[in-house]
Amino acid sequence: MTQRRAASCGELRKADVGQAVLIRGWVNATRDHGGLIFVDVRDRFGVTQAVFDPRSGEEEARVAASLRSEDVVAIGGVVRARPAGTENAKLPTGDIEIAATDLSVLNRSKTPPFPIHGDGEIDESLRLRYRYLDLRRPHMQRNIILRHRAIKAVRDHLDAQGFLEIETPMLIKQTPEGARDFVVPSRLHPGAFYALPQSPQLFKQLLMVAGFHRYFQIARCFRDEDTRADRQPEFTQIDVEMAFPTQDEIIHVIESTLAHMFREALGVDIAVPFVRLTHEQAMADYGSDKPDLRFGMKLSDVSAAFAGTEFKIFSQALARGDAILAFVDPGGAARPRREFDTLAATAVELGARGLGWISFAGDGVRSSLPKAALTEEMLRLLRERTGARTGDALYVVADELRAAQTVAGKLRVHVADQRGLRDSKTFAFCWVLDFPLFERDEETGGLMPAHHPFTAPAHGDESLSGDPLALRAQHYDVVLNGMELGSGSIRIHDPAVQRKIFSVLSYSDADVEQRFGFLLEAFAHGAPPHGGMALGVDRIILLMAGGDSIREVIAFPKNQRFADPMMEAPAQLAPEVLRELHLKTDIPKRRL
RNA sequence: GGCGCUGUAGCUCAGUUGGUUAGAGCGCCUGCCUGUCACGCAGGAGGUCGUCGGUUCGAGCCCGAUCAGCGUCGCCA
């Protein structure tokens with residue numbers, strides 16, 4: 001038997017002609033010409049055509065004719081150039097083929113429930129049920145390989161920067177605030193439960209106390225909240241922490257890591273440093289703390305332009321101290337009136353009290369505002385403030401400042417979507433800095449941390465005096481194309497400051513001791529100043545891949561109800577297992 | 001938990017105003033075919049129209065309920 005080199009299905013070229021090779025993979029397609037039989041063999045590296053000719057192997061040709069999609073085969077033969085005129089320019093291996101002399105069928109496949117080659121739309125629950133087949137499809141192969149490259153780039157880069165990858169436990173203690181936890185019952189401790197980490201936050205801070213100086217982890221995190229297209233009950237973070245950092249040092253590390261990821265995984269050079277915005281500026285200009293900078297359409301405060309307006313809604317708003325904000329829809333004057341009405345309805349759905357629009361058409365100004373309410377002077381001021389030009393439309397909302405910003409920000413993104421300004425191949429990064437330290441909890445009316453309670457106050461605010469809502473934090477977010485990629489902060493390392501934060505948040509002393517006593521104790525043993533960041537891997541890969549659901553970049557995701565339709569998780573436990581765990585279930589009866 | 005959209009062949013979908021035997025493309029099966037590459041040609045099989053109930057002489061189509069999937073709001077310190 002001739003010596004054969006094992007080759008992948010993607011590597012053979014003209015230069016390999018004459019070699020005896022063995023390729024193994026899945027049958028992508030067969031073309032049976034009665035005499036000649038072509039078999040396309042696929043593996044993750046590519047597709048190679050094998051040709052069976054009954055004249056050089058009658059039995060092999062007979063078996064080849066029986067091959068079906070997704071059968072697993074090993075084919076031996078000699079690489080030869082395809083006859084002139086039959087090359088396939090669509091395949092990297094399209095200049096050659098394998099003159100097959102040997103064929104082993106390693107495994108037969110049932111007819112697949114959906115086509116494997118090609119990326120046609122298939123019902124997602126079917127894809128998840130047969131995820132191992134779905135993952136064979138080109139789109140998913142690309143995404144999973146992309147993910148590998150991106151994460152490898154993170155490891156390489158952070159390792160080169162002196163970071164150590166350290167694992168932290170998955171079985172930890174529940175912390176009552178934040179998202180709901182997934183819990184794990186303890187057999188050895190009847191009635192007690194572990195919680196799965198929502199993030200390695202406390203452990204990475206303890207690793208800084210432990211003196212590891214620079215830590216990272218590709219960390220799995222768990223949150224028992226309802227899923228969205230960009231959310232899963234378990235997800236992956238690039239978790240980073242540094243001792244003795246300045247905010248700029250952390251920002252630099254994260255920028256260089258992201259740049260390395262995009263270059264190594266995607267071949268895209270992203271510009272560093274990223275644009276920096278304060279939280280206040282982001283809200284004022286874009287109406288969002290995660291602004292999409294791929295397009296302009298900044299918000300303008302046009303309250304002054306409407307001073308003394310006869311338009312009641314606006315005059316009353318101004319009297320209340322509300323803000324009137326506007327942004328330009330470039331070319332929007334070409335819209336038919338019906339579209340403005342639809343936009344107004346959309347704005348209300350997004351939370352607006354209403355939407356005013358002004359269309360600066362070439363043949364005159366049209367508006368939803370009463371004519372009498374729009375003086376020439378007002379129009380002049382509006383155009384001056386917003387930069388609206390003839391041919392543009394202007395959208396105006398009035399509300400309490402934050403509410404007006406938020407709704408205008410959402411509408412801005414909506415209009416940009418309509419205009420096709422959100423190109424998935426453009427990557428517009430930015431930093432949002434100087435977040436508030438606390439926010440008002442809408443439900444309880446109390447204070448809650450804007451980030452988490454370990455975030456250090458801004459320089460000058462350490463005393464926590466004055467209005468808590470006016471305090472700034474050393475908290476920074478990195479944002480890409482309107483999506484928050486990650487959040488970070490300089491942490492508190494002084495136990496006294498940490499206790500003060502807990503007290504502002506109205507945690508009782510007993511509560512603090514019970515929940516965070518170990519952390520405060522650790523801080524009392526020489527905690528270095530430290531800070532870091534966590535980046536959402538799934539979202540980053542999603543944006544790299546240009547998709548719209550993180551399920552597309554996770555090998556085995558859960559569906560919207562947290563279930564895995566393939567292995568049918570979650571599932572009930574056998575009674576003896578429950579007994580061993582000291583558990584009794586109490587399942588509410590379905591209402592009829 | 002609320003709301004919206006979807007559910008018809010293995011897959012992707014069409015199905016008119018409620019009216020005879022529910023269609024197409026792909027896939028699958030059989031046969032033919034020696035240069036195809038989503039090969040081609042001929043033939044064939046394949047349906048609980050998500051489920052249950054109602055209206056009607058008659059329901060894939062109308063009504064109600066329900067289940068499932070996706071999206072969205074709540075939620076995500």
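The structure displayed is predicted, hence computed values, not measured ones. Naming: A, B, ... by sequence-line order, numbering from 1 per chain.
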I'd like to know if [X] reaches the base of [N] with its side chain such that a donor and an acceptor end up less than 3.5 angstrom apart.
| X | N | value |
| --- | --- | --- |
| A/D226 | B/rG74 | yes |
| A/R228 | B/rG74 | yes |
| A/R561 | B/rC70 | no |
| A/R127 | B/rC11 | no |

Do the side-chain N and O atoms of [X] and [Y] include a donor-acceptor pair separated by under 3.5 angstrom?
| X | Y | value |
| --- | --- | --- |
| A/H117 | A/D119 | no |
| A/D538 | A/Q232 | no |
| A/R108 | A/S66 | yes |
| A/H452 | A/R491 | yes |
| A/S8 | A/D43 | no |
| A/E60 | A/T101 | no |

field: Residue pair A/M208, A/Y215: steps toward the side chain to side chain contact (heavy atoms under 4.5 Å, CB included) verdict
entry: CA-CA 8 Å; A/M208 293 303 100; A/Y215 143 94; 3.6 Å; yes

Using a cut-off of strictly less than 4.0 Å, decide whether [X] has a side-chain nitrogen or oxygen near OP1 or OP2 of [N].
| X | N | result |
| --- | --- | --- |
| A/Q198 | B/rC76 | no |
| A/R223 | B/rA77 | yes |
| A/R551 | B/rG71 | yes |

query: If you pin A/R180 and A/P54 to their nearest nucleotides in RNA chain B, which one's is more 5'?
result: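 This one resolves to A/P54.
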
- prompt: The side chain of A/P449 lies closest to which of these nucleotides: B/rG35, B/rA77, B/rC76?
  reply: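 Side chain of A/P449 sits closest to B/rA77.
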
message: From the set B/rG71, B/rU36, B/rA77, return the single nucleotide nearest to any side-chain atom of A/E97.
response: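 Out of B/rG71, B/rU36, B/rA77, the nucleotide with an atom closest to A/E97's side chain is B/rU36.
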
message: A quick test of your reading: do over 12 heavy atoms of other residues, nucleotides or ligands sit less than 6.0 Å from CE of A/M483?
response: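 Count over threshold, so yes.
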
message: With a sphere of 6.0 Å drawn around CH2 of A/W26, does it hold more than 12 non-hydrogen atoms of other residues, nucleotides or ligands?
response: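 Not buried by this count: 12 neighbours or fewer within 6.0 Å.
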
Which whole-number value in Å describes the distance from [X] [atom1] to [N] [atom2]?
| X | N | atom1 | atom2 | answer |
| --- | --- | --- | --- | --- |
| A/I116 | B/rG10 | CD1 | P | 17 Å |
| A/D548 | B/rU72 | CG | C1' | 14 Å |
| A/D123 | B/rA9 | CG | C1' | 15 Å |
| A/Q560 | B/rG2 | CD | P | 14 Å |
| A/E225 | B/rG1 | CD | P | 14 Å |
| A/K558 | B/rC70 | NZ | P | 13 Å |

What does [X] touch in the nucleic acid at a heavy-atom separation under 4.0 angstrom: a base, only the sugar-phosphate, or nothing?
| X | value |
| --- | --- |
| A/E87 | base |
| A/E124 | sugar-phosphate |
| A/E121 | sugar-phosphate |
| A/P113 | sugar-phosphate |
| A/H117 | nothing |
| A/P453 | base |
| A/R80 | base |
| A/N559 | sugar-phosphate |

What distance, rounded to whole Å, do you find between the two [atom1] atoms, one in [N] and one in [M]?
| N | M | atom1 | value |
| --- | --- | --- | --- |
| B/rG31 | B/rC67 | P | 48 Å |
| B/rG50 | B/rA59 | P | 15 Å |
| B/rA14 | B/rA9 | P | 12 Å |
| B/rG60 | B/rG23 | C1' | 12 Å |
| B/rG19 | B/rC11 | C1' | 31 Å |
| B/rA65 | B/rC26 | P | 41 Å |
| B/rG2 | B/rC49 | P | 29 Å |
| B/rU8 | B/rC61 | P | 13 Å |

message: I need the residues from residues 26-41 of chain A with at least one non-hydrogen atom less than 4.0 Å from RNA chain B; give them sorted by number, or say none.
response: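 Correct list: A/A29, A/R31, A/D32, A/H33, A/G34, A/G35, A/L36, A/F38, A/D40.
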
- prompt: Heavy-atom contacts under 4.0 Å between residues 473-509 of chain A and RNA chain B, which residues?
  reply: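 Contacting residues: none.
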
Could you pull out every donor-acceptor pair under 3.5 Å between side chains of residues 27-38 of chain A and any protein atom, sequence neighbours left out?
residue, atom, partner, partner atom, Å
A/N28, OD1, A/R42, NH1, 2.7
A/R31, NH1, A/D40, OD2, 2.9
A/R31, NH2, A/D40, OD1, 2.8
A/R31, NH2, A/D40, OD2, 3.2
A/R31, NH2, A/Q49, OE1, 3.0
A/D32, OD1, A/G34, N, 2.7

Minimum heavy-atom separation for [X] and [Y], please, with both atom names.
| X | Y | value |
| --- | --- | --- |
| A/R80 | A/A99 | NH1-CB, 3.2 Å |
| A/G531 | A/I250 | C-CD1, 3.5 Å |
| A/L433 | A/Q247 | CD2-NE2, 3.7 Å |

- prompt: Should A/R82 and A/D95 be marked as a salt bridge (Lys or Arg N to Asp or Glu O under 4.0 Å) after you check the CA-CA gap, both sets of side-chain angles, and the distance that decides it?
  reply: CA-CA 6 Å; A/R82 292 196 187 188; A/D95 287 338; over 6 Å; no

Might you list the N or O atoms of the protein lying below 3.5 Å from N or O atoms in nucleotides 26-29 of chain B, with each pair's distance?
residue, atom, partner, partner atom, Å
B/rC29, OP1, A/R68, NE, 3.0
B/rC29, OP2, A/R68, NE, 3.3

- prompt: With A/D134, which residues qualify under salt bridge (Lys or Arg N to Asp or Glu O under 4.0 Å), at least two apart?
  reply: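 Per chain and number, A/D134 pairs via salt bridge (Lys or Arg N to Asp or Glu O under 4.0 Å) with A/R127, A/R131, A/R137.
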
query: For RNA chain B, what is the dot-bracket line, given that a base pair needs Watson-Crick (N1 to N3, plus N6-O4 or O6-N4) or G-U wobble (N1-O2 and O6-N3) geometry with both distances under 3.5 Å, and | means paired with another strand?
result: (((((((..((((.....[...)))).(((((.......))))).....(((((..]....))))))))))))....

query: Honestly, is A/R412 close enough over A/Y286, meaning NZ or CZ under 6.0 Å from the six-membered ring centre and within 45° of the axis?
result: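 The answer is no; the distance or angle limit is not met.
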
Side chain to side chain contact (heavy atoms under 4.5 Å, CB included) evaluation trace for A/E70 with A/T111: CA-CA 8 Å; A/E70 302 309 307; A/T111 300; over 6 Å; no

